[in-house]
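Nothing here was measured: the structure is a model prediction, and the numbers come from that model. A note on names: the letters A, B, ... follow the listed sequences, proteins ahead of strands, and every chain is numbered from 1.
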Amino acid sequence: MTTFIELGIDQDMVDQLAHKGITEAFPIQEQTIPLALTGQDIIGQAKTGTGKTFGFGLPLLQRIGANPEPGVQALVVVPTRELAMQVFEDLELAAKGRAATVVPIYGGKAYEGQIEQLKAGAQIVVGTPGRLLDLASQRVLDLGNVREMVLDEADKMLDLGFLADIEKLFSKTPASRHTMLFSATMPGIIVSLARRFMSNPIHIRATDPDEGAAQANIEHIIYRAHSLDKDEVIGRILQAEGRGKTVIFMRTKRAAARLQEELTDRGYDAAAVHGDLGQDQRERAMASFKTGKKDVLIATEVAARGIDVDDVTHVINHTVPDDDKAYLHRVGRTGRAGRTGIAVTFVDWDDMHKWALINKALDFGIPEPVETYSSSPHLFTDLNIPEGTKGRLKATPSEGSSTPRRAQRRPQP
DNA sequence: AAAAAAG
């Protein structure tokens with residue numbers, strides 16, 4: 001085991017982490033922190049839930065120093081507002097004993113408070129591209145003195161939807177800056193593209209090369225969906241013994257809103273987060289899920305990346321995600337920090353090909369879908385969820401019934 | 001094609 005002290009992190013930050021029970025460095029942290037401290041540009045790749053945030057966050061904070069001059073010197077860019085909040089909170093925790101201040105900058109919020117914090121001299125900014133550029137063009141955010149720049153979920157940030165904004169942000173910072181890119185997924189084409197913004201980057205992969213792309217501690221269960229009632233199966237999963245928090249991913253905002261209504265009707269108090277909601281609603285939903293006030297979160301792709309919630313035991317893909325990367329990020333909301341998790345994916349008839357591509361890319365080795373599959377070693381048939389298998393799923397009296405069963409509220413622990 | 005990200 002390696003301690004953060006051994007990696008070169010200052011005692012005050014180590015103490016703050018220790019208060020939260022974080023004492024041992026993850027492999028990605030062991031590998032990136034010493035290099036990042038020297039100013040080496042880094043592309044850091046490690047599986048979901050294995051400590052990437054502190055892998056860049058600790059060296060970033062340390063290089064900014066405990067008593068930096070006022071003014072923005074570090075910029076962390078992320079793809080969603082909720083992830084901005086979360087990374088902000090992580091950095092703020094580590095920097096608690098320092099004069100350096102961290103500020104979250106993202107849309108959907110009043111400008112006033114953000115502008116005030118910047119004017120007050122905040123040194124470290126965590127934000128989403130739109131609002132960052134907005135404030136930069138208003139001359140409220142000066143990126144001319146940025147020494148440290150990070151793209152979290154870097155492959156997403158360099159994807160078509162974000163690339164133009166990211167280029168603008170880079171162009172407003174000094175070329176001499178220290179640059180770090182982190183993600184669980186880093187396609188070769190993105191790595192090549194990334195070099196344009198970096199100087200002699202080292203690509204660090206904290207993964208066993210022959211281990212496969214998926215998290216080993218997540219069990220993948222694949223249901224052929226065209227002959228089953230998804231609501232029925234979801235109802236059973238929500239009653240599964242030992243179920244903790246559950247995230248249900250939907251393809252569209254409308255579908256997410258509809259399922260929330262449906263589950264509410266059936267007695268499940270589910271939170272929902274998607275882009276049709278106001279920012280205050282989004283934040284309330286995330287908060288109630290994090291605290292456990294609600295243990296089901298219905299989400300669009302907005303919650304697929306980076307979001308770190310303790311005790312998420314199940315992820316349900318209501319439809320097949322776009323590609324293998326999207327699949328990995330979504331299911332990576334469970335099985336974090338060494339825990340185990342279960343990922344259930346419904347494959348509609350129209351999505352069979354999409355699933356086959358994901359199956360191939362991730363090397364799951366699940367045969368061509370004929371019935372219903374689990375990644376291993378269990379082979380399931382439609383709706384025939386084996387009773388007592390690993391105690392994961394509870395058989396229900398309505399099995400085989402054609403009328404949708406009214407789900408019962410799960411007994412509170 | 002949808003979602004995300006400024007308003």
Looking only at side-chain N and O atoms, does [Y] offer a donor or acceptor that is under 3.5 Å from a partner on [X]?
| X | Y | value |
| --- | --- | --- |
| A:Q279 | A:E283 | yes |
| A:R243 | A:H314 | no |
| A:S183 | A:Q45 | no |

*Counting any heavy atom closer than 4.0 Å, what does A:F249 reach on the DNA or RNA strands: base, sugar-phosphate only, or nothing?*
nothing
*asked:* With the threshold set at under 4.0 Å for non-hydrogen atoms, list the residues of residues 161-171 of chain A touching DNA chain B in residue-number order.
replied: A:G161, A:F162
Value in whole Å for how far the [atom2] atom of [N] lies from [atom1] of [X]:
| X | N | atom1 | atom2 | answer |
| --- | --- | --- | --- | --- |
| A:I307 | B:dA3 | CD1 | P | 18 Å |
| A:R251 | B:dA1 | CZ | C1' | 7 Å |
| A:D159 | B:dA5 | CG | P | 14 Å |
| A:E301 | B:dA1 | CD | C1' | 13 Å |
| A:Q279 | B:dA6 | CD | C1' | 12 Å |
| A:D155 | B:dA4 | CG | C1' | 14 Å |
| A:L83 | B:dA5 | CG | P | 11 Å |
| A:L135 | B:dA5 | CG | P | 16 Å |

*With sequence neighbours left out, what residues match A:T207 under side chain to side chain donor-acceptor pair (under 3.5 Å)?*
none
*Can you name the side chain to side chain donor-acceptor pair (under 3.5 Å) partners of A:Q260, sequence neighbours left out?*
none
*asked:* Which residue is it: A:K245, A:R336, A:R339? I am looking for the one with a salt bridge (charged side-chain N to carboxylate O under 4.0 Å, His left out) to A:D310.
replied: A:R339
Taking only the side-chain nitrogens and oxygens of [X], find out if one of them lies under 4.0 Å from OP1 or OP2 of [N].
| X | N | answer |
| --- | --- | --- |
| A:R81 | B:dA6 | yes |
| A:R282 | B:dA5 | yes |
| A:T128 | B:dA6 | yes |
| A:T252 | B:dA1 | no |

_Counting only side-chain heavy atoms from C-beta out, which of B:dA4, B:dA6, B:dA2 sits nearest to A:D322?_
B:dA2
*What class does the angle between the rings of A:F197 and A:F170 fall in, given that below 30° is parallel, 30 to 60° is tilted and above 60° is perpendicular?*
parallel
